[in-house]
> 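Input: one structure, supplied below.
Quick caveat, the model's predicted, so the values are computed rather than measured. All values below come from the heavy atoms of this structure, side chains included, with hydrogens, waters and symmetry mates left out.
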Amino acid sequence: MTPKLHPSLLAAVLLCGTSFAVENWPQFRGADAQGISANANLPDKWSATENVEWKTPIPGRGWSSPIIWGERVFLTTVINSGDTEAPKKGLYLGGNRPEIPATEHVWKVICLDLTTGKPVWEKTVHQGRPQTPIHLKNSYASETPATDGERVIACFGGVGIFCFDFEGKELWKHPLAPRPTRAGWGTAASPVLHGDRLYYQCDNDAQSELLALDKRTGKEVWRTPRDEKSNWSPPFVWQHEQRTEIVTAGSGAVRSYDLDGKLLWSLRGMSSITIAMPYAADGLLYVSSGYVGDKVMKSLYAIKPGASGDITPPEGQRSTEFIAWWDPGIAPYNPTTLVHQGKLYVLYDRGLLSCFDAKTGQPFYLKERLPRGPGFTTSPWAVGDKIFCLDEDGQTHVLRAGEKFELLHTNPSLDGEMCMGTPALVGERLLIRTDRHLYSIRNPSRQP
């Protein structure tokens, strides 16, 4: 008997044939975690009104990215019944908020229609007073959901992991114990799906671990303790010719595990806070860690497949058998780097952009200044021959991809709304989340 496809999955198949990466955006930075689309019909110019197909108010606060499959958009938010202090933009000291809010909060998963932005369903997964504090610029809904086209899985650190079908029926839930994080900053690491499992990297100041759940039931498959304190990087499932492995970035070490949770290799030399997601491009794995408060170690590694054991490079050595190259001083803090057309782009939080040869690490240009804004938290993305950098004010700086720094134009802010979530690219649409809305950006010639 031939199995029936869910209507949303069938629509995706009809739209894009075998290439789900184009018409679906199933996790943070897309199916391959690279943040790239080849769709020439994606817009490169917009404003708060120009090329806006729709915008939908999103209640509460959440910095999770939207994800898309077929005609469904999924995102998370947490609504405070009391007053939420407005975050200050940019990098600064004084954002710690060690006191836990005393007001009731509501944790929600939201589903929207991709073509109209209208709500399809929303589900409350938890209600009550938070059990942990968060940084002023963080939210209680900073983890991006993940989907496989049949189920959507949302994670809220310190609360739980929740699985729904595409019609909003809860399939299972897995509780997550609240644990302390560095300076009470809260959680943000997104889960990832691979095969029949969900992987979640939970690094904190009490009990860090890598968790594998059965995506169909939510039952624990294995749990591997990690010798780490707080980090905010999602894991990455690296599939290459030799094997499939789960790569985790951490301040103590980058570690890779097999699909049973056993350690394959590790390397030391990261900054004291790690946020960016590892990813692979053109046969190499890229891992970065560049906390702005560290004076020396801000490492970016390009790693070859097949490693085992401790592959930390000897002091002063910039390449080894399994490290194509590394540089101890070029990694960004919040944004994940971008490899596109053989070039590695590094966007720094204070609005500087560098470009390197992705295979060798040789620089093409270093720390060129973008038009001044309050700061950059979102990861850059690429479409065709253009690179896009979204600042916290909602301005998007569009550059020509290549060896020379060339700013083409800057799209104005979205009514001054704050942007910290990385956008999603699906088909001919760009979805940008702000602190108040979800925008669908689309060229007018492509709109109905």
> Below 4.0 angstrom, N of the basic side chain to O of the carboxylate: do K169 and E167 qualify?
no

> Which heavy atom of V109 sits nearest a heavy atom of A154, and at what distance?
CG2-CB, 3.7 Å

> Does CG in D260 sit with more than 12 non-hydrogen atoms of other residues, nucleotides or ligands closer than 6.0 Å?
yes

> State, with a plain yes or no, whether a side-chain heavy atom of C389 is found less than 4.5 Å away from one of L399.
yes

> For residues A146 and P191, report the shortest heavy-atom separation together with the two atoms involved.
CB-O, 4.1 Å

> Return yes if some donor-acceptor pair links the side-chain N/O of N334 with the main-chain N/O of D349 below 3.5 Å, else return no.
no

> For S230 and T181, test the side chains for any donor-to-acceptor distance below 3.5 angstrom and give the result as yes or no.
no

> Any luck finding a side-chain donor-acceptor pair between E228 and S208 under 3.5 Å?
no

> Let me see the working for W172 and H174 under ring pair (Phe, Tyr, Trp, His ring centres under 6.0 Å), right down to the final yes or no.
CA-CA 7 Å; W172 55 261; H174 183 96; 7.3 Å; no

> Are there more than 12 heavy atoms of other residues, nucleotides or ligands under 6.0 Å from atom CZ of R268?
no

> How long is the span from the CZ atom in F74 to the CH2 atom in W69, to the nearest 0.5 Å?
10.5 Å

> Would you mind reporting whether R429 and W25 have side-chain heavy atoms less than 4.5 Å apart?
no

> Verify the ring-centre separation between H105 and Y140: is it less than 6.0 angstrom?
yes

> Can you see which heavy atom on A48 is nearest to which on D415, and at what distance?
CB-OD1, 3.5 Å

> With a 4.5 Å limit on heavy-atom distance, are the side chains of V106 and S81 in contact?
no

> Indicate the atoms forming the closest heavy-atom contact of N80 with D83, along with that distance.
ND2-O, 3.2 Å

> What do the steps show when you test L91 against Y333 for side chain to side chain contact (heavy atoms under 4.5 Å, CB included), and what is the final call?
CA-CA 10 Å; L91 289 174; Y333 178 34; 4.1 Å; yes

> So is R72 actually on top of F164's ring, under 6.0 Å and inside 45° of the axis?
no

> Of all the heavy-atom pairs spanning L176 and C155, show the shortest one and how long it is.
CD1-SG, 3.9 Å

> Can you name the one residue among R226, Q201, R255 that meets side-chain hydrogen bond (donor to acceptor under 3.5 Å, both in side chains) with T248?
R226

> For a side-chain hydrogen bond (donor to acceptor under 3.5 Å, both in side chains) with W185, tell me which candidate from N96, N138, T132 qualifies.
N96

> Whether R97 and E85 form a salt bridge (side-chain N of Lys/Arg under 4.0 Å from carboxylate O of Asp/Glu) is what I want to check.
yes

> Can you find a heavy atom in the side chain of I303 that is under 4.5 Å from one in the side chain of W326?
no

> If you round to the nearest 0.5 Å, how far is CD of E392 from OG1 of T378?
8.5 Å

> Any chance you could measure R433, atom CZ, to T422, atom OG1, to the nearest 0.5 Å?
12.0 Å

> Out of curiosity, C419 SG to D435 CG, how far, rounded to the nearest 0.5 Å?
7.5 Å

> Check whether any side-chain heavy atom of W46 lies under 4.5 Å from a side-chain heavy atom of L414, and answer yes or no.
yes

> Can you find a pair of side-chain heavy atoms, one from I275 and one from S233, that are under 4.5 Å apart?
no

> Take atom NZ of K89 as the centre, draw a 6.0 Å sphere, and report whether it contains more than 12 heavy atoms from other residues, nucleotides or ligands.
yes

> Taking all non-hydrogen atoms of both residues into account, name the closest pair between L210 and Y257 and its distance.
CD2-CD1, 3.6 Å

> Assess whether ring pair (Phe, Tyr, Trp, His ring centres under 6.0 Å) is satisfied between F376 and H397, documenting all intermediate values.
CA-CA 11 Å; F376 292 76; H397 311 285; 5.6 Å; yes

> Is there side-chain contact between T56 and K118, with at least one heavy-atom pair below 4.5 Å?
no

> May I ask you to check whether over 12 heavy atoms, not counting those of D310, lie within 6.0 Å of atom CG?
yes

> Rounded to the nearest 0.5 Å, how far does CG of D148 lie from CD1 of I153?
6.5 Å

> Nearest 0.5 angstrom please: R179 CZ to D205 CG, how far?
12.0 Å

> Are any of the side-chain nitrogens in D258 or R243 under 4.0 Å away from the carboxylate oxygens of its partner?
no

> Without hydrogens or angle criteria, can the side chains of D393 and S413 be said to hold a donor-acceptor pair below 3.5 Å?
no

> Under the criterion side chain to side chain contact (heavy atoms under 4.5 Å, CB included), I'd like the reasoning laid out for T77 against E122: C-alpha separation, chi angles, the key distance, then a yes or no.
CA-CA 10 Å; T77 191; E122 68 175 53; over 6 Å; no

> Any side-chain donor paired with an acceptor under 3.5 Å for S190 and Q27?
no

> Is any side-chain heavy atom of P87 less than 4.5 Å from a side-chain heavy atom of R61?
yes

> Does a donor on one side chain and an acceptor on the other come within less than 3.5 Å for E245 and H240?
yes

> For a ring-ring contact (aromatic ring centres under 6.0 Å, His included) with Y279, tell me which candidate from Y301, Y286, W238, F28 qualifies.
Y286

> Quiz question: by atom type and distance under 3.5 Å, do the side chains of E143 and Y200 form a donor-acceptor pair?
no

> Using side-chain hydrogen bond (donor to acceptor under 3.5 Å, both in side chains) as the criterion, list what pairs up with T76, not counting sequence neighbours.
S64

> For residues S440 and E53, is any side-chain donor paired with an opposing acceptor at under 3.5 Å?
yes

